[in-house]
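Letters go in sequence order (proteins before strands), and every chain restarts at 1.
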There are 2 protein chains.
Amino acid sequence: MKTGRVGAGAPTIDDVARLAGVSESTVSRALRSSRPVSEELRLRVLEAAQTLGYSPNPHAQALARSEDAAIGVVVHDSSDPYFVEILRGMLGPAEVGGRMVLVCDTQRRPDREFQYVRHFRSQRVQALLLAGSGFEDREFGARMTAEIQAFERAGGRVALIGRHHILGDSVRPDNEGGAYEMARALTDLGHRRIGVISGPASLTTTHDRLTGLQRGLNEAGIELPDRHVVVGDFTRDGGIKGLSQLLEAAPDLTAVLSLNDVMAIGALHEARRRGIAVPADLSIAGFDDIPVAADVWPPLSTVRVPMAEMGARAVELALGPRPTHVQIVRLPTEVILRKSTAPCRLSRPSSVPVSRAGPRPGARRLTSA
Amino acid sequence: MKTGRVGAGAPTIDDVARLAGVSESTVSRALRSSRPVSEELRLRVLEAAQTLGYSPNPHAQALARSEDAAIGVVVHDSSDPYFVEILRGMLGPAEVGGRMVLVCDTQRRPDREFQYVRHFRSQRVQALLLAGSGFEDREFGARMTAEIQAFERAGGRVALIGRHHILGDSVRPDNEGGAYEMARALTDLGHRRIGVISGPASLTTTHDRLTGLQRGLNEAGIELPDRHVVVGDFTRDGGIKGLSQLLEAAPDLTAVLSLNDVMAIGALHEARRRGIAVPADLSIAGFDDIPVAADVWPPLSTVRVPMAEMGARAVELALGPRPTHVQIVRLPTEVILRKSTAPCRLSRPSSVPVSRAGPRPGARRLTSA
DNA sequence: TTGTAGGCGTTATCAG
DNA sequence: CTGATAACGCCTACAA
C-alpha cells in the first residue's frame, strides 16, 4: 500500500497511475515501452506523466533491475589534459541512449582506485572504464582483477586503457614504440647527451616509455646514465623541478625528453627562466601531444598518443558485444617534430641522415608500430 | 523474508548479518555508526563485512533515505580548460566524506542542461552545481527556477556559478569589471582600433564581458563599430575563424580582445600563420587566465578569473548551512598583462600614462572590483 | 542495546 | 493486454 505522500517532492509512478486511472505496472510498461499496452491507456499514461512532470527515480530502477544506466570512469587526474582528452573521446559514444557518465579522480592512488571501483560495482553501473596507466604493483593487480571479475560475472563490462596487471579488455597506445621512435629522432638530430624527465616509477606507462627510449638509445650506441634520469610526477611543476635537477646533475645535456607533455611545458618554462634558448641551446621533447602542445613556445616536439580515440575505443569495447576472449586494441603512436627540437649544434655530422621523412609544413611525422 | 541469493554477486547487508550472527539493523547501525552498538557486536560485524568484502548498495541507501551521497555538477564543456579548472577547485571540498562527484556535459545546450538537472533531481543528489554561464533566455530561466526550487523544497542544495536568470545561491566572477579594466589597459597602451572576438550571444558571460568592455571604451572616447565585433564559440577554432573575419572586416585593428583564452590562443595561432607579429603588429588579449595562458607564445595578457576558487566556493555554498536568504558571492577579477600586448606603435603619445602599476617581473596586475 | 516490521519507487512474475 | 504481488538492499521508527 503506497502512502501517496509526496516524499522528496517528486511525483512517483504511483501518482501517475492514479491520475491515469491504471495500475503501476501499466504505467511502467507504457513508459518503458517494454510490453505491449493498448494505445488508449498508453496515451492516458503519457499525458498523466507529462502533466505531473514525472521522471523515474533512477535509484529505484537500478535497485529493481539491479543495473544502473550509467557508466563509471576512473581517471588518475581529471585536470591533466591527457585525461581530459580521453574523456572527451569517451563522451560522445558513451552518452548515446541518455546514459550518464560518472567520472571520478583517484589522484593516482591505488587505494582510491580500488575504492572507486568497488563503489561503482556496488552501484551496478553498466560498464567501468579505467582510464590511466596501470600500476606496476602486481599484488594490487591481483586484487583488482578479483574485483573486476566479480563485476563481470554480475553482468558488468570493463575496459582498461593502458597496460595493466589486471585481466580485462584493454586499449593500449604503443608507448614503447613511440618512445623508441623519439629516441631515434633525437639521435638522428645528432644528440648524444640526452636527459629524461621520467614519471612515477609505479606506473606501467613510465616503464614502457622508458623501455622504448632505452632500446632506441642503445641501438644508437648511446648510454643513459642514472644522472641523466630524474623522476617527475607528470605535473607542470614536476617538469620545472625535473629540468633543474637535470641541469644540475648534467649541465652538458643537449636534449631532454619529458615523459609527458605537461612536464615538458614546465621544462620549457624553466629553460626560459634560466635564459636557455630552446631549441638552440637545448632541445626539449614531450610525450602525448596534448592540444596545447602546438601552442606553447616553441611548439613542442612530442609523441602523439591518440587519447581521444583511446577513450572512444574503450567505450566501444565496454558497450559492444561481449567478446569470448580478452581483447586488446593496440593503437599506434607517432613522433611529431615541431620547433622545440633541432639538430645538435655540438655534434659532428651524424652518419645517419637528419631527416627521415620528407619535409612537410609544420611538422614531420614518424609513425610508430 | 530475504532470499539470500547472491543477486548481482555482491554481498548484501543480510549476508553480513548472518555471518556475524546478528540482525540487519545491527549491521546497519554498526557500519553507519549512527546508534550505539555494543563493542563486541560492532567488532563481529566489522570483521564479517571485511571478510565478505561488503560494500553497501548506494541505490538502496539512496532509496531508503531518499538522498544520495553524491553531488551533481553540470558543465557546459568538460574539455574546456575553464571548466576543468572550476572542477579542479570543486573536487577537494566536494569529496570530503567519500562523496561522489558526478559530472555531466551539456555542450552549452539549454535542453540538455534541463534534462540533466531533472535527472540529478530524481536521483536525489545532495547538491547540484551549475557551473557555467547562464543563458540570456528568461523563459528557460523560469523553467529552471521551478525545477530547482522543487529540488530545494525536497531538501536538495543548489549553487550556481555565473550570472543566471535562475533564483539561487551563486558565485559570480566580476566579468563586467574585468572587461572594463582590460579596456582601460588596452586604451592606456594607446590602442584605439580594437576588435573583439565575442562569445555566444545567448550567454550572460558574453553579455557581461561585452558590457564592461563597452563601458571602458566609451570612457576613453572610443567607438566599437559592429564590424569590430565577431561572434565566436569559445573554442580554439572559433578564435582562428574569429581573427580571420576580424582582419577581413577591419585590417587596421591594432588590438584584439578575445572573450576567452581558448579563442585567444586560436587567434595567436592564426596571427602567426599570417605572419602577423604579436604584439609588435597586433596586440591580442584573452579572458580567464587558464593555466596554459602563461605558456603559449607570446604569453597571453588576459583577465584572471579565479576559476578554481569559484568551484570551491560553490561547493561551500551548496554544502554549508542553508542560508535564510539568497546568497551571492562576488569574486574579483584581475588584469594580467604579459607579452601578447604592447603599446600601440601607431598611436600618437596618449595623454594617459601607459602604465598604471609599477613594473613587476613577468606581469603587471590591475585588480578589478 | 538489539530485533522486528514496514517502507523507499520501480520492475518482474504470474494470474486473470 | 492488465493488475496484484513479491522482490531489489537498506534504513528507521517502534517494540522488546
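The side chain of A:Gln61 places no N or O atom within less than 4.0 Å of a non-bridging phosphate oxygen (OP1 or OP2) of C:dG9. Checking the phosphate oxygens (OP1, OP2) of D:dC1, no side-chain nitrogen or oxygen of A:Ser38 falls inside 4.0 Å.
Listed by first then second residue, pairs satisfying salt bridge (Lys or Arg N to Asp or Glu O under 4.0 Å) with a partner in residues 314-326 of chain A read A:Arg313-A:Glu316, not counting sequence neighbours. A ring-ring contact (aromatic ring centres under 6.0 Å, His included) check over residues 86-116 of chain B, counting only residues at least two apart or in different chains, returns nothing. Residue pairs meeting the salt bridge (Lys or Arg N to Asp or Glu O under 4.0 Å) criterion with at least one partner in residues 93-104 of chain A, sequence neighbours excluded, are A:Glu95-B:Arg112. Sorted by first then second residue, the salt bridge (Lys or Arg N to Asp or Glu O under 4.0 Å) pairs that include residues 49-77 of chain B, not counting sequence neighbours, number zero.
If you measure from atom CG of B:Leu31 to atom C1' of D:dT12, you get 16 Å, rounded to the nearest angstrom. Taking atom CG of residue A:Asp15 and atom C1' of nucleotide C:dT10, one finds them 13 Å apart after rounding to whole Å. Taking atom NE2 of residue B:His59 and atom C1' of nucleotide D:dC11, one finds them 17 Å apart after rounding to whole Å. In this structure, CD1 of B:Ile13 is placed 13 Å from C1' of C:dG3, rounded to the nearest angstrom. Atom CZ in B:Arg65 sits about 12 Å away from atom C1' in C:dC8, given to the nearest Å. One interatomic measurement links the two molecules: CD of B:Glu67 to P of D:dG9, which rounds to 22 Å at whole-angstrom precision. Counting to the nearest Å, the P atom of C:dT1 and the CD atom of B:Glu39 are 11 Å from each other. Across the protein-nucleic acid pair, B:Arg32 atom CZ and D:dC10 atom C1' stand 8 Å apart, rounded to whole Å.
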Between the protein and nucleotides 3-5 of chain D, list the N/O to N/O atom pairs that are separated by less than 3.5 angstrom.
unit_1	atom_1	unit_2	atom_2	d
D:dG3	OP2	A:Ser23	N	3.4
D:dG3	OP2	A:Ser23	OG	3.3
D:dG3	OP2	A:Thr26	OG1	2.5
D:dG3	N7	A:Arg29	NH2	2.6
D:dG3	O6	A:Arg29	NH1	3.1
D:dA4	N7	A:Ser25	OG	3.3
D:dA4	N6	A:Ser25	OG	2.8

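Between B:Ala64 and B:Val37, the one whose closest nucleotide on DNA chain C sits nearer the 5' end is B:Val37.
B:Pro323 pairs by the side-chain contact (heavy atoms from CB on, under 4.5 Å) definition with B:Arg157, B:Asp169, B:Gln327, not counting sequence neighbours. B:Leu203 meets the side-chain contact (heavy atoms from CB on, under 4.5 Å) test with B:His76, B:Arg108, B:Ser133, B:Phe135, B:Pro200, B:Thr206, B:Phe234; sequence neighbours excluded.
Listed for the A:Thr145 side chain is a donor-acceptor partner under 3.5 Å among the backbone atoms of A:Gly141.
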Determine all donor-acceptor pairs shorter than 3.5 Å in which one atom belongs to a side chain in residues 48-57 of chain B; sequence neighbours excluded.
unit_1	atom_1	unit_2	atom_2	d
B:Thr51	OG1	B:Ala48	O	3.1
B:Ser55	OG	A:Ser122	OG	3.1
B:Asn57	OD1	B:His59	N	2.7
B:Asn57	OD1	B:Ala60	N	3.2

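Between A:Arg29 and A:Glu24 no salt bridge is recorded (no basic side-chain N to carboxylate O distance below 4.0 Å).
When the local axes at the two ends of the helix from C:dT1-D:dA16 to C:dG16-D:dC1 are compared, using 5 base pairs at each end, they differ in direction by 40° after rounding to 10°.
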